[in-house]
Asks: 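Encoded as structure tokens, here's the structure I'll be asking about.
One is the number of the first residue; the rest follow in order along the sequence.
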Amino acid sequence: MQISSMTGFARQSGSLERENFSLSWVWEIKSVNGKNLDLKVRLPLWLDEVSLNLRNIAAKYFERGSLGVTLDIALERNEAEVKVNRALLDKVTEAALTLYRTYPEELARPSAAELLKTEGVLEVVKNRFDEEELAGICRNLRAGFEECCIRLQSDRRQEGQKIKTVLEERVDRIEILVQEVARLAVAQPALLKQKLSAQLAELLEGAPISEERLAQEAVLLVNRADIREEIDRLTAHVKTARELLAANQTLGRRFDFLCQEFNRETNTICSKASDIEIINRGMELKAVIEQLREQVQNME
């Protein structure tokens, strides 16, 4: 599966013509970020059966994302089915005739048209199909939904390629900053020793300092401020990031974890470093890693 964004939009329309009815529809899917694959489907009540397999269809094309699915449908029947509530009609007719017989001069004889206008007596059924017809409608609608998923997948992949370019730029910048930190770290032992010597001289008010004692203290400080392991890990993480991008596969979860690792090592460097230049590079690293993480949140 290619690198893909979790954001996208797709629309698919279709129609179905039969002897006694015609059907047209429009599927729309809007996709946004989500930790897992989640479908929120809005369908007409008489088409609930269609929703049964939609998640399985979507899972063929997507691993993550929140999909908002809507179906607009128009139905035209050549012959509408008319249903008469005979029990209610009989009661209304009996009541109307009783009133007419009681007040024959004041009331007109009730007509069939007037009786049929009574609420609940007459029902025009528009969305009633036999099993074969309904199965055919569901089959065509599911096929339309799958086509919409294919279009959404294409849209998400196009967006994914754009995000991939941004990720590559951020990884390049991280690599440059790590190299600068590594270069600055080489000079740290000598700088720490010089700084320590000046501080001790000030504290001892010019008294001679044992070179051996100075070396011991310098070693302690250097060990505490040693960031070589963090630099090595960051370098390894940069390599891993490039491998993930080159693999051209889904990378959202793995890259998100990698951003956490980038951030952890950078925080350690900032806490250990005493050199302002290293700290500045570390702060810039944190900013670039956050930009990387924000983009990764959109990836499948």
Side-chain angles (χ1 to χ4, degrees), residues 3 5 33 160-247 251-299:
I3 288 177
S5 169
N33 298 351
Q161 290 303 310
K162 297 176 184 177
I163 297 177
K164 179 184 176 183
T165 300
V166 177
L167 295 180
E168 290 172 338
E169 293 173 353
R170 298 296 181 271
V171 172
D172 288 343
R173 184 56 186 161
I174 288 173
E175 184 177 37
I176 291 171
L177 289 170
V178 170
Q179 290 172 350
E180 291 180 3
V181 170
R183 176 179 56 79
L184 292 168
V186 172
Q188 283 302 289
L191 291 175
L192 285 171
K193 184 177 179 181
Q194 181 181 356
K195 183 178 180 180
L196 178 62
S197 179
Q199 289 176 338
L200 289 175
E202 183 179 353
L203 288 171
L204 298 175
E205 297 180 349
I209 307 169
S210 166
E211 190 65 30
E212 181 180 354
R213 177 63 183 278
L214 180 60
Q216 291 174 348
E217 294 295 331
V219 168
L220 288 174
L221 286 176
V222 168
N223 287 336
R224 290 173 187 167
D226 188 3
I227 56 175
R228 287 175 296 179
E229 286 188 14
E230 287 74 21
I231 291 171
D232 289 343
R233 292 194 191 102
L234 284 173
T235 302
H237 294 336
V238 168
K239 181 181 177 182
T240 301
R242 294 195 189 286
E243 290 172 351
L244 287 174
L245 290 168
L251 49 73
R253 286 191 174 95
R254 287 173 292 176
F255 226 110
D256 188 54
F257 174 76
L258 195 59
C259 287
Q260 295 177 36
E261 295 301 305
F262 271 127
N263 208 44
R264 180 179 294 110
E265 303 303 334
T266 302
N267 283 336
T268 304
I269 286 175
C270 290
S271 65
K272 283 185 175 183
S274 58
D275 182 77
I276 189 63
E277 290 298 323
I278 291 179
I279 293 174
N280 287 341
R281 299 300 191 284
M283 297 305 295
E284 186 176 351
L285 259 175
K286 286 173 66 67
V288 177
I289 292 167
E290 179 59 23
Q291 294 170 1
L292 184 71
R293 190 193 66 81
E294 288 176 355
Q295 293 296 328
V296 169
Q297 299 303 308
N298 297 320
M299 302 298 288

Asks: Would you check, one step at a time, whether the test side chain to side chain contact (heavy atoms under 4.5 Å, CB included) holds for R264 with R233?
Replies: CA-CA 10 Å; R264 180 179 294 110; R233 292 194 191 102; over 6 Å; no

Asks: From E180 CD over to L285 CG, what is the distance, rounded to the nearest 0.5 angstrom?
Replies: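 Reported to 0.5 Å precision, the distance equals 9.0 Å.
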
Asks: CZ/R293 to CG/D256 distance, rounded to the nearest 0.5 angstrom?
Replies: 7.0 Å

Asks: Is the backbone N or O of N263 less than 3.5 Å from a side-chain atom of N267, with the two atoms forming a donor-acceptor pair by type?
Replies: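 Yes: the side chain of N267 pairs with the backbone of N263.
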
Asks: Heavy atoms only: give me the nearest V171-A241 pair and the separation to one decimal.
Replies: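 In terms of heavy atoms, the two residues are closest at CG2-CB, 4.0 Å.
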
Asks: What distance separates L258 CG from E243 CD, expressed to the nearest 0.5 Å?
Replies: 10.5 Å

Asks: Working to the nearest 0.5 angstrom, can you tell me the gap between L184 CG and I278 CD1?
Replies: 5.5 Å

Asks: Quick one: closest heavy-atom pair of L251 and I3, and the distance?
Replies: CD2-CD1, 3.7 Å

Asks: From I289 CD1 over to E261 CD, what is the distance, rounded to the nearest 0.5 angstrom?
Replies: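 It comes to 11.0 Å.
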
Asks: Taking NZ, NE, NH1 and NH2 as the nitrogens, is one of them in R281 or E284 under 4.0 Å from a carboxylate oxygen of the other?
Replies: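 So R281 does not pair with E284 through a salt bridge.
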
Asks: Of all heavy-atom pairs between V296 and G252, which one has the smallest distance, and what is that distance?
Replies: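 So the two residues come closest at CG1-O, 3.6 Å.
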
Asks: Distance check, rounded to the nearest 0.5 Å: L292 atom CG versus I174 atom CD1?
Replies: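 L292 atom CG to I174 atom CD1 measures 5.0 Å (nearest 0.5 Å).
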
Asks: Would you be so kind as to tabulate the donor-acceptor pairs closer than 3.5 Å made by side chains of residues 163-170, with sequence neighbours excluded?
Replies:
residue	atom	partner	partner atom	Å
K164	NZ	L245	O	3.4
T165	OG1	Q161	O	3.2
R170	NE	Q291	OE1	3.0

Asks: Under a 4.0 Å threshold between the charged nitrogen and the carboxylate oxygen, would K286 count as salt-bridged to E290?
Replies: no

Asks: Checking Q179 now: which residues fulfil side chain to side chain donor-acceptor pair (under 3.5 Å) with it, not counting sequence neighbours?
Replies: none

Asks: My understanding is that only residues two or more places apart in sequence, or in another chain, count here; which of them pass side chain to side chain donor-acceptor pair (under 3.5 Å) with D232?
Replies: none

